[in-house]
Every structure is written in C-alpha cells, then in structure tokens.
Trainee: 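Sharing a structure with you now.
Note that these values count all heavy atoms, side chains included, but never hydrogens, waters or copies made by symmetry.
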Amino acid sequence: MAKRKKKKAGSVFLTILLLIFLGVFAYSGYKLIRIYLDYKAIGDEYHAIEDAYTSENTGGEEKTAEESFTEEEKDIITKELERLKQDGMVFEDAEPPLVVDFEDLRKENPDIVGWIYVDAFPETISYPICRGEDNDYYLHHTFRKTYLFSGAIFENCENSADFSDPHTIIYGHNMKNRSMFGNLKFLKEQERYDEHPYFWILTPDGNYRYKIFAAFDTNYNSDVYTLFSIGGSDFLSWEEDLRTRSAVKNDIPLRGDDLVVTLSTCTANSSVRCVIIGKCVSSARPDVRKLAKEDDFKKESK
C-alpha cells in the first residue's frame, strides 16, 4: 500500500509540473503574439501617415514656408543671414528629401511640430515629431493619441516648438524591430557616419538640415541633456566637450551661436542612452525665422 501512495504522489507531482509548463508556454506565446501585434500596429499606423501626408521631393514646384512671410520679414531674414555669413557662418544647403503636408497633418494632431528624417539605413527613420505638455504622454501614445508601448517621436516639452533654442532634444524608443529610433545606434559606427552625417527636421516654417558632430552612449541624467536659454562661450564649451566623447571623429566647426539637436533613445541598459547630436547647417535657420516675426527686432531694424 505504501508503494502505491508514493506512486500516486509522484504522478500528481508530474501533473502539476506539466500544468505549470503549459501555463508558462501559453503565457510566453501570448507575450510573443502581443509583441508581434504591437510591432504590426507601429508599422501600420506610421506607414499610413507617411503615405497620406508626405511625398518624395522631386525638385518640382512646391509651396514653401517663405511664401507666408511679408516682404519686410524676408528682408530681415536676408540681412541676418548675410550678417552670419560675414561673421564666418558656413551653410550646407541641400534639397529636403520629403514634402510634408503639415496643414492636413496637424488636423490629425495639432501637437505635431515637425517631421524627423534620417536616411542612413535600409529602414529610413521617418516620423512625425510631437510635443506634449509633459515628457510622459507621448512615451506610450502614438501621434494619433492611441495607447501603444512604442509611443511617438517627441520633442522635449521645455523646448520651443519651432526648434529655435540653442539645444533641442528629441526622444524616441529603441524598438527591437528597428522601428522608431531603433537604427540610431548604427550612427556610432564611423563608416556609417561617414556615409550619412546628416539628418533633417522638416517643419511648417522651414526645412532644417543638421550635421552630426557627436554620437555616443551616456547616462540618462548626464549633462548632454542640458538646455540653454542663450548661446555663447559656455554653450560652445559644452558642444566641444560632447565631441571629445564621440565614438565618431570629425572636424565640423562649432560655434557659440549654433543650433543643436540631440536625438536620444534607450539602450539595453536602463540607465544608459544613445545620443546622436547635430548642428543646423542650412541657411533656413529657425532662429532667423523667429527673429523676423519679432516686432521688437523689426522696430530696431527700421
């Protein structure tokens, strides 16, 4: 009798182990399906908006942001750009890769302030940029404000919406299928960087080209995330220090009046971030456009 009880107890134990195994297997399967559906949702939603509101720039006639400026404002912009050139500013203009229909796009979500475009990989980084009231909402909400883990590409809420600050930060998730900012890490490779040292931020007011001068991993609360109200010597020292930490080498000239954008994404280490940092090199500078809109500057210019 004792042997039968032991045999029965062993059978029950094996049954419990089998049930646990099946439960773990079922849960793992559910998680995999959930991840697949989330990634599919990311692709479907963002491909749909790209198809609907952007088109390839073929160099044909298109409506430009300059058309919204008055002749007086255009004159202010021209004079300011000439002053910058005489002061040694070097511009590297090019045709933007995309035409974005911001008028209709912002009917989808008025929080959209621009479009990020990085043509450096088989999967181009091309997404709308949102800006919320805080830096939490778009962490897990898409540009359509639907909840999804991947969230949206978004600008730091403390930055100006027109990208005219000395330093602007843009965040995005590092997704395993390389969507969102999942491809940024490859720009830390010198060969990739040498082939693709630029990225674009397209906005309703103008299209801005940036040249990357630093790319590296850093702590989530490092001084890389310092915001500046004005440029100057402290800002230039900060720029130069970032370049000394860079995984890629370059001799891009830096100035205290640069406009810098940092693209930031997470890594496998929860306390470490990958950052790609570029300076505006297009003559369509957001600060110059902002200047033309300021009444005080107009009065001083007369």
Trainee: What residues, two or more places apart in sequence or in another chain, satisfy side-chain hydrogen bond (donor to acceptor under 3.5 Å, both in side chains) together with Tyr220?
Mentor: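 Applying side-chain hydrogen bond (donor to acceptor under 3.5 Å, both in side chains) to Tyr220 gives none.
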Trainee: The criterion is salt bridge (Lys or Arg N to Asp or Glu O under 4.0 Å); which residues satisfy it with Glu240, sequence neighbours excluded?
Mentor: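 None.
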Trainee: May I ask you to check whether Phe149 and His173 place their ring centers less than 6.0 Å from one another?
Mentor: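 Ring centres of His173 and Phe149 closer than 6.0 Å.
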Trainee: Hydrogens and angles aside, do His167 and Thr262 bring a side-chain donor and acceptor to less than 3.5 Å of each other?
Mentor: yes
Trainee: Could you check whether any side-chain heavy atom of Ile153 comes within less than 4.5 Å of a side-chain heavy atom of Met180, counting everything from C-beta outward?
Mentor: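 They are in contact (side-chain heavy atoms under 4.5 Å apart), so the answer is yes.
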Trainee: Of all residues at least two apart in sequence or in a different chain, which pass the side-chain contact (heavy atoms from CB on, under 4.5 Å) check with Ala94?
Mentor: Trp200, Arg209
Trainee: Please say which of Tyr46, Trp115, Tyr117 ends up in a side-chain hydrogen bond (donor to acceptor under 3.5 Å, both in side chains) with Ser126.
Mentor: Trp115
Trainee: Could you name each residue pair satisfying salt bridge (Lys or Arg N to Asp or Glu O under 4.0 Å) that touches residues 145-156, not counting sequence neighbours?
Mentor: Asp111-Lys145, Arg131-Glu155
Trainee: With Asp104, which residues qualify under side-chain hydrogen bond (donor to acceptor under 3.5 Å, both in side chains), at least two apart?
Mentor: Lys107
Trainee: Just to verify, what does Asp162 make a side-chain contact (heavy atoms from CB on, under 4.5 Å) with, not counting sequence neighbours?
Mentor: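 side-chain contact (heavy atoms from CB on, under 4.5 Å) list for Asp162, sorted by chain: Ser160, Ser164, Lys290.
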Trainee: Checking Asp101 now: which residues fulfil side-chain hydrogen bond (donor to acceptor under 3.5 Å, both in side chains) with it, not counting sequence neighbours?
Mentor: none
Trainee: Sequence neighbours left out, what pairs pass salt bridge (Lys or Arg N to Asp or Glu O under 4.0 Å) with at least one residue falling in residues 213-225?
Mentor: Lys188-Asp217, Asp223-Arg245
Trainee: Measure the shortest side-chain to side-chain distance between Val275 and Thr218 over non-hydrogen atoms and say whether it is less than 4.5 angstrom.
Mentor: yes
Trainee: For Ala214 and Ser246, work out which heavy atoms get closest and say how close.
Mentor: CA-OG, 3.4 Å
Trainee: Would you say Glu133 has more than 12 foreign heavy atoms packed within less than 6.0 Å of its CD?
Mentor: no
Trainee: Hey, any chance Ile125 and Ile112 share a hydrophobic cluster, counting ILVMFWY side chains that come within less than 4.5 Å of each other, even indirectly?
Mentor: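 Ile125 clusters together with Ile112.
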Trainee: For residues Ser179 and Tyr127, determine if any side-chain heavy atom of one lies less than 4.5 Å from a side-chain heavy atom of the other.
Mentor: yes
Trainee: Less than 3.5 Å apart, any donor N or O on the side chain of Asn269 or Thr267 sitting next to an acceptor on the other?
Mentor: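 Judged by distance alone, the side chains do not pair up.
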Trainee: Tell me the closest heavy-atom pair linking Glu158 and Asp165, and the distance in Å.
Mentor: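 Of all heavy-atom pairs spanning Glu158 and Asp165, the closest is O-OD2, 4.4 Å.
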Trainee: Would you please name every residue forming a ring pair (Phe, Tyr, Trp, His ring centres under 6.0 Å) with Phe235, sequence neighbours left out?
Mentor: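 Applying ring pair (Phe, Tyr, Trp, His ring centres under 6.0 Å) to Phe235 gives Phe228, Trp238.
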Trainee: Just to verify, what does Phe199 make a ring pair (Phe, Tyr, Trp, His ring centres under 6.0 Å) with, not counting sequence neighbours?
Mentor: Tyr210
Trainee: Judged by modelled atom types alone, do Tyr53 and Glu108 share a side-chain donor-acceptor pair under 3.5 Å?
Mentor: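 There is such a pair between these side chains.
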Trainee: Would a 4.5 Å heavy-atom cut-off, applied to side chains only, mark Ile201 and Phe163 as touching?
Mentor: yes
Trainee: With sequence neighbours left out, what residues match Asn219 under side-chain hydrogen bond (donor to acceptor under 3.5 Å, both in side chains)?
Mentor: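 Scan of Asn219 (side-chain hydrogen bond (donor to acceptor under 3.5 Å, both in side chains), adjacent residues dropped) gives none.
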Trainee: Answer yes if Leu227 and Phe154 sit in the same cluster of Ile, Leu, Val, Met, Phe, Trp and Tyr residues linked by side chain heavy atoms under 4.5 Å apart, and no otherwise.
Mentor: yes
Trainee: Could Lys79 and Glu82 be called an ion pair, given the rule that one side-chain N must be under 4.0 Å from one carboxylate O?
Mentor: no
Trainee: Is the shortest heavy-atom distance from the side chain of Ile49 to the side chain of Leu105 under 4.5 Å?
Mentor: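 In contact.
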Trainee: Going by the rule side-chain contact (heavy atoms from CB on, under 4.5 Å), which residues pair with Asp93 if we only count those two or more places apart in sequence or in a different chain?
Mentor: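 Asp93: side-chain contact (heavy atoms from CB on, under 4.5 Å) contacts with Phe91, Ser282, Ser283.
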